Protein chains: 2
Amino acid sequence: MQKKRVTLADVARLAGLSTTAASMILTGRPDTRLSADAHAKVHAAAASLGYRPNVAARALRTDKSRSIAFISDYVATTRFASGLIRGALAAAEEAKHVMLVLETGGEPARETQAVEAALDRQVDGLIFAAMRAREVFVPDLPINVPTIMLNGTSARFPVSVLPDEYRGGRRAVELLRDAGITEGVALLGHNADSEAGLFRSETIARRFAGIRDAMIANGMRFVAELSCWNWEPAHGYDLTRKLLRTKRPKALLCLNDRLAFGAYQALGEAGITVPEDIALVSFDNDELASYLRPGLTTIGLPHEEMGRKAVELMLGGIGAAQLVEMPVIERGSLPRR
Amino acid sequence: MQKKRVTLADVARLAGLSTTAASMILTGRPDTRLSADAHAKVHAAAASLGYRPNVAARALRTDKSRSIAFISDYVATTRFASGLIRGALAAAEEAKHVMLVLETGGEPARETQAVEAALDRQVDGLIFAAMRAREVFVPDLPINVPTIMLNGTSARFPVSVLPDEYRGGRRAVELLRDAGITEGVALLGHNADSEAGLFRSETIARRFAGIRDAMIANGMRFVAELSCWNWEPAHGYDLTRKLLRTKRPKALLCLNDRLAFGAYQALGEAGITVPEDIALVSFDNDELASYLRPGLTTIGLPHEEMGRKAVELMLGGIGAAQLVEMPVIERGSLPRR
DNA sequence: GGCATTTGCTAAATGCTTTTAGCAGGAGGA
DNA sequence: TCCTCCTGCTAAAAGCATTTAGCAAATGCC
């Protein structure tokens with residue numbers, strides 16, 4: 001025999017007041033004229049009965065559910081996703097909200113279903129998260145709750161939270177410069193000429209812009225720019241081997257940590273030591289970066305902070321788009337000065 | 001001006017029937033005596049108005065919300081978590097449920113809050129997921145919904161979904177044997193003697209048992225057993241260097257992929273080639289394993305399938321505890337026969 | 001003292017669905 | 001013909017909280 005749920009009416013009865021009074025007191029209405037005595041009695045009754053409001057009933061009346069929906073294309077295909085989720089989760093918890101997580105695989109049909117499922121449940125807001133940052137498909141449904149884009153953009157919902165890739169790109173070059181390396185730098189993963197007209201994503205484009213501007217500002221030029229479309233370890237390995245056949249750069253600027261990982265492998269095989277012979281800087285702060293020896297110095301993607309910021313923005317009634325700073329994580333792949 | 005929500009009453013009115021009829025038809029009650037004509041009219045009306053039931057109202061009445069709670073200690077601290085979530089998410093979506101994700105950090109207070117938050121929202125079931133599989137703290141609250149343990153156990157809720165570590169342990173040894181390696185095998189990460197009385201976790205204990213039994217069954221003995229408490233790349237590196245100072249094994253059985261990763265580094269530095277000089281087998285199927293060269297052969301943790309199974313069990317009205325088979329992922333770290 | 005406020009509280013409506021109980025009319029059996 | 005049983009459908013209650021409108025008593029003011 002499971003004891004029945006205790007309702008507001010039970011609390012009111014025990015306190016000797018009306019449910020109206022109990023409701024007003026427990027929801028903490030500001031302008032009510034109920035006595036201090038009434039407040040005390042209701043709180044005592046609620047506590048002694050272990051009263052928990054029925055969220056469904058409340059949602060029915062108020063259209064608020066203290067829950068938010070996190071709709072992402074891929075939740076775990078890239079290990080970064082979890083950073084976004086974790087940050088969002090933490091912020092939601094602090095605000096006493098719960099988070100619905102929905103995955104769409106980027107498919108419009110599932111996207112539509114996800115939004116409907118979320119809206120059906122009276123969520124207080126929507127977060128559209130993208131794993132590869134670009135224009136995100138948002139179903140053409142009437143959405144009447146605050147919505148923000150996370151690691152992606154949408155013409156319909158202009159407020160988005162993105163990493164500050166431009167500054168990140170600059171920082172990478174400055175790291176090299178500060179380590180005393182102003183020439184003999186090769187770029188791994190991109191070639192401006194061969195990729196002209198091709199578009200990876202908005203944020204990556206900004207990363208390139210930052211790199212380019214910082215190179216110019218510091219009077220530097222790449223000694224080589226090697227392009228590959230996917231940034232996996234195997235590609236970093238191949239590119240590096242190819243590079244070493246003709247050149248012996250002083251540093252590698254890798255466009256992500258997986259490329260850098262492949263580069264380490266090729267360098268190791270060639271008997272080249274990091275950072276003495278060749279230094280490396282990279283992007284993402286993948287878990288990998290800390291496993292390498294020496295540790296890889298990298299410009300991190302601040303996913304956790306981004307997830308947190310998205311929820312805060314949403315709950316705080318939106319605001320302006322946000323660029324979140326990319327942290328530099330210094331390990332051992334650059335020479336100390 | 002946002003158009004008001006379409007309610008069941010609207011549908012009924014348009015169909016020229018009562019809300020009772022509309023409700024019964026739309027929820028697909030089996031034993032109702034409504035005419036085929038009525039069915040057609042209601043469905044047509046619902047479709048033309050784009051009716052979506054109000055989940056809160058329904059939950060209020062039925063105590064069912066078509067949502068489940070996924071309560072985990074850490075959602076992303078280990079990259080495996082996301083596999084569990086993804087599998088669970090996929091199964092939930094197929095069953096037209098949504099999933100609340102809650103993180104507790106393993107702290108009892110947050111755990112309690114998470115359960116309360118979930119129960120408040122009338123979830124149809126609870127999944128307690130643990131990242132390091134062991135006895136999970138479950139708050140002492142009345143829980144009146146199906147509950148299952150994922151990658152962990154609880155005395156209170158006996159049905160759990162776990163990897164079949166015993167068989168996985170056996171398979172690892174058999175892999176070595178099948179590759180023709182029956183002697184000169186070193187175990188990396190555990191030493192039965194020095195760790196006697198210490199307890200890692202239930203599942204890891206089973207993994208050891210499987211390994212031990214298979215070794216005996218095949219008349220094999222470890223040439224060395226090196227213990228370390230944390231299984232990170234740096235430890236694998238250190239252990240392997242230490243090992244190589246005195247011995248030159250034919251194979252390394254690593255207790256996880258991160259240890260194996262460290263071993264690769266040490267082996268590479270020592271100019272030892274995999275798998276010709278030394279072969280490796282490992283556990284987890286971490287993303288890392290595919291990055292290594294040659295690729296690491298490993299016994300995978302079937303997290304995605306486990307997550308899926310947990311939801312299916314929960315929605316299917318529970319059943320018996322499940323052991324999920326650990327897949328063998330063959331890459332290049334064992335010699336071909 | 002007489003009137004307008006203020007204070008402290010409550011009855012009842014509302015949100016939307018599911019479900020119980022039951023009604024009216026027709027068919028079938030005796 | 002009368003009674004029972006189906007058939008096809010509906011009125012109304014229930015589920016639980018919030019909120020509007022408003023009542024009775026106490027207070028303030030002149």
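Letters go in sequence order (proteins before strands), and every chain restarts at 1. Since the structure is predicted, the reported quantities are computational estimates derived from the model, not experimental observations.
A donor N or O paired with an acceptor N or O is not found under 3.5 Å between the base of D/dG15 and the side-chain atoms of B/Arg61. Taking 3.5 Å as the limit, the base of D/dT19 and the side chain of A/Thr20 contain a donor-acceptor pair of atoms between them. Below the 3.5 angstrom threshold, one finds no donor paired with an acceptor across the side chain of A/Arg58 and the base of D/dT18.
At whole-Å resolution of the value, CE in B/Met24 and P in D/dT10 are 11 Å apart. C/dC16 atom C1' lies 14 Å from atom CG of A/Asn54, rounded to whole Å. Separating the CG atom of B/Asp63 from the C1' atom of D/dC16 is a distance of 11 Å, rounded to the nearest angstrom. Rounded to a whole Å, the CG atom of B/Leu26 is 11 Å from the C1' atom of C/dT17. Regarding A/Arg13, its CZ atom lies at a distance of 13 Å from the P atom of C/dA11, rounded to whole Å. Between the CG atom of B/Asp120 and the P atom of D/dA17 there is a distance of 11 Å, rounded to whole Å. Rounded to a whole Å, the NZ atom of B/Lys41 is 14 Å from the C1' atom of D/dT10. The OH atom of B/Tyr51 sits 10 Å away from the C1' atom of C/dT18 (whole-angstrom rounding).
Considering A/Val115, A/Thr153, A/Asp73, A/Thr104 as possible partners of A/Phe128, the one that fulfils the side-chain contact (heavy atoms from CB on, under 4.5 Å) test is A/Val115.
Between B/Thr62 and the phosphate of C/dT18, there is no side-chain N or O to OP1/OP2 separation shorter than 4.0 Å. Checking the phosphate oxygens (OP1, OP2) of C/dT18, no side-chain nitrogen or oxygen of B/Arg29 falls inside 4.0 Å.
For B/Ala21, counting side-chain heavy atoms from C-beta on, the closest listed nucleotide (D/dT10, C/dT18, C/dC9) is D/dT10.
Crowding of B/Glu325 atom CD: a count of heavy atoms from other residues, nucleotides or ligands under 6.0 Å not exceeding 12.
Remark on DNA chain D: of its neighbouring residues A/Ala57 and B/Arg33, the 5'-side contact belongs to B/Arg33, judged by nearest-heavy-atom nucleotide.
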Inset, instruction - Decide yes or no on salt bridge (Lys or Arg N to Asp or Glu O under 4.0 Å) for B/Arg308 and B/Glu304, but give the supporting numbers first. - result: CA-CA 6 Å; B/Arg308 161 176 291 281; B/Glu304 197 162 336; over 6 Å; no
Inset, instruction - Step by step, work out the side chain to side chain contact (heavy atoms under 4.5 Å, CB included) result for B/Ile68 and B/Val311. - result: CA-CA 8 Å; B/Ile68 63 186; B/Val311 170; 3.8 Å; yes
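At the heavy-atom level, B/Thr7 lies under 4.0 Å from the strands shown only through sugar-phosphate atoms. Residue-level contact check: B/Ala38 touches the backbone only, with heavy atoms under 4.0 Å from sugar-phosphate atoms and none from bases.
No donor-acceptor pair closer than 3.5 Å links the side chain of A/Arg52 to the backbone N or O of B/Asp120.
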